Asker: 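The structure follows.
In this text, all values refer to a predicted model and were calculated from it rather than measured experimentally. First listed ligand is number 1; within each ligand, the first listed atom is number 1.
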Amino acid sequence: MKTYLITGGAGFIGSNFVQYIVKMHGQDDVQIIILDALTYAGNLKNIESELNLPYVHFIKGDIGDADVVADIFAKFDIDYVVNFAAESHVDRSISNPRLFLETNILGTQALLDAARRAWGKDSNAGGYAEGKKFLQVSTDEVYGSLEKEYDEPQPLRLDDKLKKVVEKRKNLKTFGKHFFTEDTPLSPRSPYSASKAGADMLVAAYHETYGMPVNITRCSNNYGAYQFPEKLIPLMIKNVIEGKKLPVYGTGMNVRDWLYVTDHCKAIDEVLEKGRIGEVYNIGGFNEECNINIVKLIINTISEIMHNEPAYQSLLRCRLEDVSEDLISYVTDRPGHDKRYAINPTKIATELGWYPETSFETGIKSTIRWYLDNQKWVDDVTSGDYQKYYDDMYKNR
Ligand code: NAD
Ligand code: TYD
């Protein structure tokens, strides 16, 4: 019997992870406790069918609330803590850094303390009960920004160790010679990434100081179903469907390494089961692309779907002829905008056999279809204060 405490399980990656664990391990003896404060980014609809299962329990609460968290550890014999709960959007962190420090750093510390109390054996040896693990879900953004060394992407050459693991991904490319590895020094450059780096350091410190069984995973940009439409990919899909302007920051040449969310969930599952205690694992998509190309690809894929499958045209909220690159609008750059992120996932690939299986072509098509088919979800999550946030964000750009 394994009992998971999944924090932030109503958000984008957390809800995909809950679905993944139910699908992959639901038939085994598992129990899933979801703790989520249901901020603007959390929505119970994301896990609606999972919440009907007898072994899934939802608790609305803040990871930083020591009483709530202690109560969960008192009621359930938690084996794995998977900490997704966070404020996760860089632009919001630029407008309100404090909230990011409170949730991402102090919240993580409260969770760590509760786990330490519940799992620590009270002998002076400081041992922990068997099979326990605290997994901190972190980001490649803690490493800072890489240079973009090529204007046009070059073929990505894998070393022999990686080639053996990654058989199925073809035509991989990169915008530079350098990549983030687990040994890259932390050098965060936004309030969001600084808060995530702070949390990572605390998790590492709890391992060193109290012997806590931990792992940290640092992942590149995710995309897929249930992502709140403030991040690049879902925002651009939403705006194309609605015939609205597509705000591209600066020149649109900044590079991100995109990973399909299900591949991320699989990586976390592997690290929970097989990751060496105390280790950091980087998780990347082998999928570097500059923002402007992502935006153009979204426009062109939506247009292609509409032309090939006319039944989809009734889902458009604008005229078909409006779906064009004329929607692109270059706006003032994000302050401190990181140029390029790129992960070297050799460690997780060679130690745990994981690699990003989903090609971008496949992943982006299924993501676009999901947003076309789930506009009611988009309407629901963007009701309330969203429009004000969006208007404020872009009014000065
Ligand atoms: P998200 O913003 O979609 O979801 C965050 C969830 O946490 C929401 O359900 C929200 O209600 C909940 N939450 C926020 N504050 C809380 C609090 N104080 N207590 C309890 N719950 C709280 O985020 P996401 O994109 O799913 O990211 C999940 C995690 O993965 C984050 O830690 C993020 O830093 C990390 N990450 C995200 C990406 C990405 O591309 N989205 C990439 C790498 C790492
Ligand atoms: P985002 O999805 O916010 O993720 P992150 O900043 O954590 O990487 O942004 C991805 C990239 O897209 C980033 O370089 C900023 C850029 N971007 C835009 O150009 N326009 C937008 O409206 C948004 C939200 C992001």
Asker: May I have all residue pairs that pass ring pair (Phe, Tyr, Trp, His ring centres under 6.0 Å) and include part of residues 74-113, sequence neighbours excluded?
Answerer: Tyr4-Tyr80, Phe17-Phe84, His57-Phe76

Asker: Using the ring of each side chain (for Trp, its six-membered ring), is Tyr226 parallel, tilted or perpendicular to Trp377, with breaks at 30° and 60°?
Answerer: perpendicular

Asker: Who pairs with Asp379 by side chain to side chain donor-acceptor pair (under 3.5 Å), at least two apart in sequence or on another chain?
Answerer: Arg317

Asker: Heavy-atom contacts under 4.0 Å between Tyr192 and ligand 1: side chain, backbone, both, or neither?
Answerer: side chain

Asker: Taking Arg276's backbone N and O only, do any of them form a donor-acceptor pair with Asn215's side chain (distance below 3.5 Å, no angle check)?
Answerer: yes

Asker: Restricting to pairs with a member in residues 78-92, which pass salt bridge (Lys or Arg N to Asp or Glu O under 4.0 Å), not counting sequence neighbours?
Answerer: Asp79-Lys132, Asp91-Arg334, Asp91-Arg397, Arg92-Glu230

Asker: Go through the steps for Tyr386 and Tyr40 under the test ring-ring contact (aromatic ring centres under 6.0 Å, His included), then give the verdict.
Answerer: CA-CA 8 Å; Tyr386 171 79; Tyr40 77 96; 8.7 Å; no

Asker: I'd like to know if the side chain of Lys347 and the backbone of Val280 have a donor-acceptor N/O pair within less than 3.5 Å.
Answerer: yes

Asker: Any non-hydrogen atom of Phe228 lying under 4.0 Å from ligand 1?
Answerer: no

Asker: Check each atom of ligand 1 against the heavy atoms of Ser138 and keep those under 4.0 Å away; list them by number with element.
Answerer: 43 (C), 44 (C)

Asker: Is there a donor-acceptor pair closer than 3.5 Å between any side-chain N or O of Glu182 and the backbone N or O of Asn282?
Answerer: yes

Asker: Look at ligand 1 and say whether Gly61 reaches it with a heavy atom at a distance under 4.0 Å.
Answerer: yes

Asker: For this output row, return yes or no: ring centroids of Tyr223 and Phe360 closer than 6.0 angstrom.
Answerer: yes

Asker: Relative to the heavy atoms of Asp62, which atoms of ligand 1 are at a distance of less than 4.0 Å?
Answerer: 17 (C), 18 (N), 19 (N)

Asker: Regarding atom 14 (C) of ligand 1: of the candidates Gly64, Gly9, Ala86, Cys219, which has the closest heavy atom?
Answerer: Ala86

Asker: Using heavy atoms and a cut-off under 4.0 Å, could you grab the residues that are in contact with ligand 2, chain by chain, numbers ascending?
Answerer: His89, Val90, Glu141, Asn221, Glu230, Lys231, Leu232, Leu235, Met236, Pro247, Val248, Tyr249, Asn254, Arg256, Asn291, Arg334, His337, Tyr341, Tyr394

Asker: Please determine if Leu35 has a nitrogen or oxygen closer than 3.5 Å to a nitrogen or oxygen of ligand 1.
Answerer: no

